[in-house]
> 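Here's a structure for you.
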Amino acid sequence: NEKTHTAEISSLGDKRDHIIIPRSLSYEGQTYLVTIIGRYAFSAYKIKKIDFEKDSQIKYIGKYAFLLTDIEYILIPSSVEIIDEYAFSFNKKLQKVEFEKNSNLRQIGKEAFAFSGLKCITLPKSVQIIKYEAFGFNKSLQVIEFEENSTLNTFNDDFYFGSKNALIMLPKTWIWFTNFFISKQKK
């Protein structure tokens, strides 16, 4: 985008097993901050490792961006605000997802981490919305934890559907009644 000097990664062309997402790209003498990983950008690549350059400016990880890869671990940059639908779905080898400190993540899309090999995940306090089956059908998922002072305000009660043995660890400020969300306590 020439007006905002931002760029979207849509593909790399070759199928590497280690990808480094750059902070910026140069084109015709201009520098563009990479803010988007586009739809299907690395889908079905045999990626084993993803790194983000220091001070990444990625704000949006698009639909199906890393669908069907061989990623085992990913550290999501603090700049990411949205992980869209199916972004990391069907990654059977994906066991661990971490978020940089001071995460700006606000939304996790439908089935974003569904059918993966996740064992546990701690969601940053900035997450406000978790959509349908975001962590669904993860047979090895054991723990979903929310950081204290979570700003979560919208989620489907089936965000972990099919992950039958998962322990959901909510902050003390949340109230549950018979396994269904009731309300956030007022301070």
Side-chain angles (χ1 to χ4, degrees), residues 21 23 33-37 49-63 65-66 71-89 91-187:
I21 307 293
R23 180 182 189 280
L33 288 176
V34 177
T35 59
I36 296 172
I37 298 175
K49 186 174 182 186
I50 300 169
D51 288 313
F52 294 85
E53 282 187 352
K54 187 177 178 180
D55 198 26
S56 173
Q57 296 300 302
I58 297 291
K59 294 190 180 314
Y60 174 77
I61 298 176
K63 292 179 182 179
F66 295 100
I71 301 166
E72 295 176 13
Y73 167 82
I74 187 166
L75 177 62
I76 306 287
S78 62
S79 59
V80 174
E81 296 174 1
I82 297 172
I83 298 173
D84 213 338
E85 297 178 5
Y86 309 99
F88 293 94
S89 287
N91 284 298
K92 297 288 186 192
K93 295 181 181 179
L94 180 61
Q95 293 183 16
K96 191 169 186 180
V97 175
E98 291 185 314
F99 301 89
E100 284 184 347
K101 289 183 179 184
N102 301 313
S103 175
N104 290 302
L105 184 64
R106 292 186 337 258
Q107 180 176 311
I108 300 173
K110 175 183 174 183
E111 295 189 27
F113 294 96
F115 299 98
S116 70
L118 273 178
K119 293 184 178 184
C120 64
I121 189 164
T122 300
L123 299 173
K125 62 185 173 186
S126 58
V127 175
Q128 297 171 7
I129 299 168
I130 301 175
K131 297 217 173 164
Y132 181 72
E133 296 178 352
F135 301 97
F137 307 101
N138 288 310
K139 293 179 182 175
S140 58
L141 186 60
Q142 298 169 3
V143 178
I144 300 173
E145 184 174 3
F146 293 82
E147 286 183 343
E148 281 299 320
N149 301 315
S150 173
T151 59
L152 183 70
N153 59 38
T154 304
F155 67 92
N156 294 80
D157 60 3
D158 56 1
F159 71 95
Y160 63 99
F161 183 80
S163 303
K164 295 180 180 177
N165 297 319
L167 171 64
I168 313 300
M169 297 174 63
L170 292 168
K172 294 174 191 173
T173 57
W174 289 87
I175 300 171
W176 281 75
F177 180 74
T178 63
N179 296 332
F180 292 99
F181 167 74
I182 299 297
S183 67
K184 187 173 182 180
Q185 291 179 354
K186 297 187 182 194
K187 293 183 178 180

> Residues in side-chain hydrogen bond (donor to acceptor under 3.5 Å, both in side chains) with Ser116, at least two apart?
Asn138
> Tell me every residue that passes salt bridge (charged side-chain N to carboxylate O under 4.0 Å, His left out) with Glu100, counting only those two or more places apart in sequence or in another chain.
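Glu100 satisfies salt bridge (charged side-chain N to carboxylate O under 4.0 Å, His left out) with no other residue.
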> Give a yes or no on this: more than 12 heavy atoms of other residues, nucleotides or ligands lie within 6.0 Å of atom NZ of Lys125.
no
> Do Phe88 and Leu118 pass the side chain to side chain contact (heavy atoms under 4.5 Å, CB included) test, and can you show the C-alpha distance, the side-chain angles, and the key distance before you say yes or no?
CA-CA 11 Å; Phe88 293 94; Leu118 273 178; over 6 Å; no
> Distance check, rounded to the nearest 0.5 Å: Glu81 atom CD versus Lys59 atom NZ?
5.0 Å
> First locate atom CD1 of Ile50, then atom CD1 of Ile74, and finally report the distance between them rounded to the nearest 0.5 Å.
4.0 Å
> Keeping the roles fixed (side chain from Ser79, backbone from Ile58), state whether a donor-acceptor pair exists under 3.5 Å.
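Yes; at least one donor-acceptor contact below 3.5 Å.
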> Atom CD1 of Ile37 and atom CZ of Phe66: how far apart are they, to the nearest 0.5 Å?
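Going from the CD1 atom of Ile37 to the CZ atom of Phe66 covers 4.0 Å.
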> I need the Asp84 CG to Ile108 CD1 distance, nearest 0.5 Å.
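If I round to the nearest 0.5 Å, the distance is 11.5 Å.
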> Would you say the side chain of Val127 lies within less than 4.5 Å of the side chain of Phe146, judging by non-hydrogen atoms?
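Heavy-atom side-chain distance check fails, nothing below 4.5 Å.
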> Keeping the roles fixed (side chain from Arg23, backbone from Asp55), state whether a donor-acceptor pair exists under 3.5 Å.
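Yes, the answer is positive, given that a donor and an acceptor are paired below the 3.5 Å cut-off.
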> The test is side chain to side chain contact (heavy atoms under 4.5 Å, CB included); show your working for Tyr86 and Lys110 and say whether it passes.
CA-CA 6 Å; Tyr86 309 99; Lys110 175 183 174 183; 3.2 Å; yes
> Side chains of Phe99 and Thr122: closer than 4.5 Å at any heavy-atom pair?
no
> Decide side chain to side chain contact (heavy atoms under 4.5 Å, CB included) for Leu105 and Ile76; before the verdict, give the C-alpha distance in whole Å, the side-chain angles of both, and the deciding distance to 0.1 Å.
CA-CA 9 Å; Leu105 184 64; Ile76 306 287; 5.7 Å; no
> Report, as yes or no, whether the 6.0 Å neighbourhood of atom NZ on Lys92 holds more than 12 heavy atoms from other residues, nucleotides or ligands.
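Yes, NZ of Lys92 has more than 12 neighbouring heavy atoms, counting only those of other groups under 6.0 Å.
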> Could you check if a side-chain atom of Leu75 sits within less than 4.5 angstrom of a side-chain atom of Phe52, using non-hydrogen atoms only?
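Leu75 vs Phe52: side chains apart.
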> Would you compute the distance between atom CD1 of Ile83 and atom OH of Tyr60 and round it to the nearest 0.5 angstrom?
11.0 Å
> Which heavy atom of Ser140 sits nearest a heavy atom of Gly117, and at what distance?
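Looking at all heavy atoms of both residues, the shortest contact is OG-O, 3.1 Å.
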> Looking at NZ of Lys63 and CD of Glu111, how far apart are the two atoms once the value is rounded to the nearest 0.5 Å?
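With rounding to 0.5 Å, NZ (Lys63) is 12.5 Å from CD (Glu111).
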> Decide side chain to side chain contact (heavy atoms under 4.5 Å, CB included) for Ile82 and Arg106; before the verdict, give the C-alpha distance in whole Å, the side-chain angles of both, and the deciding distance to 0.1 Å.
CA-CA 6 Å; Ile82 297 172; Arg106 292 186 337 258; 3.9 Å; yes
> Which pair of heavy atoms, one from Gly109 and one from Lys131, lies closest together, and at what distance?
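Shortest heavy-atom contact: C-CB, 3.7 Å.
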> Would you check if Glu72 and Lys93 make a side-chain contact, meaning some heavy-atom pair closer than 4.5 Å?
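A side-chain contact exists here, since the closest heavy-atom pair is under 4.5 Å.
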> Which heavy atom of Leu123 sits nearest a heavy atom of Phe135, and at what distance?
CD2-CZ, 3.8 Å
